[in-house]
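In what follows, chains are A, B, ... by sequence order, proteins preceding strands, each numbered from 1.
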Protein chains: 2
Amino acid sequence: MGYSISQVAEKFDLTAHTIRYYDKEGLLPFIDRSKAGNREFSDSDLEWLKLICCLKNTGMPIKQIKQYIEWCLQGDDTLEVRRQMFIDHRKEVLKQMDDLKENLKTIDYKLELYDSGCSIPLNGNKS
Amino acid sequence: MGYSISQVAEKFDLTAHTIRYYDKEGLLPFIDRSKAGNREFSDSDLEWLKLICCLKNTGMPIKQIKQYIEWCLQGDDTLEVRRQMFIDHRKEVLKQMDDLKENLKTIDYKLELYDSGCSIPLNGNKS
DNA sequence: TTAGCACTTTGAGTTAGCTCTAAGTCAAGT
DNA sequence: ACTTGACTTAGAGCTAACTCAAAGTGCTAA
């Protein structure tokens, strides 16, 4: 039977609109249809969508995800370029984590000032 | 003398356009002007901008940052609401770090598959 | 004094990623 | 047969955050 678009939407905390948008953008070229023309997601499709969400949530643009999907469809000739994409993207994710850690320090510093009851946290007369 | 907009732009890896946009949106109501009408940033202004960039880079919308700036200008009456804002935002940053860690696992798993030379990483015939 | 450059403003345009509407199809329940 | 509800498409609309263009001002150096 497979999953309907609304079941998948619920599972992934997306809307059906968004999933159709991803499909339209070429991110889901492998989804089967029922006789009525409705999308039917298999378990393997859910794995694909999970990866797509992972890439999207780590800041990869839709267009680049689409590029990756196209490489996948092209077969083993693109194995190396796909591997390299993950290596590059991994580096960006690590950068994001570092940046987040740095920014957390700034936030914690501000919180210390607020918690200490100091009303002049930053510059003497405005913060 | 203070810093010109282009000096600040360089320092923060922003464009002068973007800084003017932030100013227009009410994020920089404290910047002084030279006789010629040009913005002159003080060291204290740079601290403000640093905090603004920190909040922006951790996903806070411009409108909410503007709200914070307005609270700051209102004085000590808003100390508690500002403190609470940082507490809430800190929680969101921690959530982002957790999500990033989870997604990194997925990426590392894919990389293992690619590195092991397996051409069928996800679902048997398409990835 | 004139050229050049960095700055100014207003307001329009761009991009990404949705988000929604309209009009319609299909299958199941009463 | 009819209603209900989930699905379909094409395409328009929306929001956030820039990004740029046009027209103009004011300092500085030759």
ask   = Salt bridge or not for Glu92(A) and Lys95(A), using N-O below 4.0 Å?
value = no
Distance-minimising heavy-atom pair for Ser116(A) and Leu113(A) = OG-O, 2.9 Å
task = Provide, to the nearest angstrom, the distance between the CD atom belonging to Glu40(A) and the C1' atom belonging to dA27(C).
result = 13 Å
query = For Ser34(A), which contact category applies under a 4.0 Å heavy-atom criterion: base, sugar-phosphate, or nothing?
reply = nothing
remark   = Arg33(B) atom CZ is separated from dA6(C) atom C1', nearest whole Å, by 14 Å
inquiry  = From CZ of Phe41(A) over to C1' of dA6(D), roughly how many Å is that when rounded to an integer?
reply    = 14 Å
ask   = Do the side chain of Gln96(B) and the main chain of Thr58(B) share a donor and acceptor less than 3.5 angstrom apart?
value = yes
request  = For the pair Phe86(A) and Tyr68(A), name the ring-plane relationship: parallel under 30°, tilted 30 to 60°, perpendicular over 60°.
outcome  = perpendicular
task = Taking the side chain as every heavy atom from C-beta outward, state whether Ile52(B) and Ile69(B) have any atom pair closer than 4.5 Å.
result = yes
ask   = Whole Å only: how far is the CD1 atom of Ile65(A) from the P atom of dA16(C)?
value = 13 Å
Would you tabulate the pairs of protein nitrogen or oxygen atoms and nucleotide nitrogen or oxygen atoms of nucleotides 17-26 of chain D closer than 3.5 angstrom?
residue	atom	partner	partner atom	Å
dA17(D)	OP2	Ile62(B)	N	3.2
dC18(D)	OP2	Tyr22(B)	OH	2.7

Exam field: side chain Asn103(B) to backbone Asp99(B), donor-acceptor pair closer than 3.5 Å = yes
ask   = Checking Asn57(B) side chain against Cys53(B) main chain: does a donor-acceptor pair fall under 3.5 Å?
value = yes
query = Who pairs with Glu102(A) by side-chain contact (heavy atoms from CB on, under 4.5 Å), at least two apart in sequence or on another chain?
reply = Lys105(A)
request  = Taking all heavy atoms of Ile62(A) and all of Tyr22(A), pick out the closest pair and write down the distance.
outcome  = CD1-CE2, 3.6 Å
task = Mind calculating the distance between CZ (Arg20(A)) and C1' (dT25(C)) to the nearest angstrom?
result = 13 Å
Atom-to-atom span, CG of Asn38(A) to P of dT25(C) - whole angstrom = 14 Å
remark   = In short, the helix from dT1(C)-dA30(D) to dT30(C)-dA1(D) is bent end to end, axes from five pairs each side, to 10°, by 0°
task = Using a 4.0 Å heavy-atom cut-off across all strands, classify Arg39(B) as base, sugar-phosphate, or nothing.
result = sugar-phosphate
task = In whole angstrom, give the distance that lies between atom CG of Leu14(A) and atom P of dG17(C).
result = 14 Å
inquiry  = Using whole Å, what does the distance between atom P of nucleotide dC20(C) and atom CD1 of Ile19(A) come to?
reply    = 15 Å
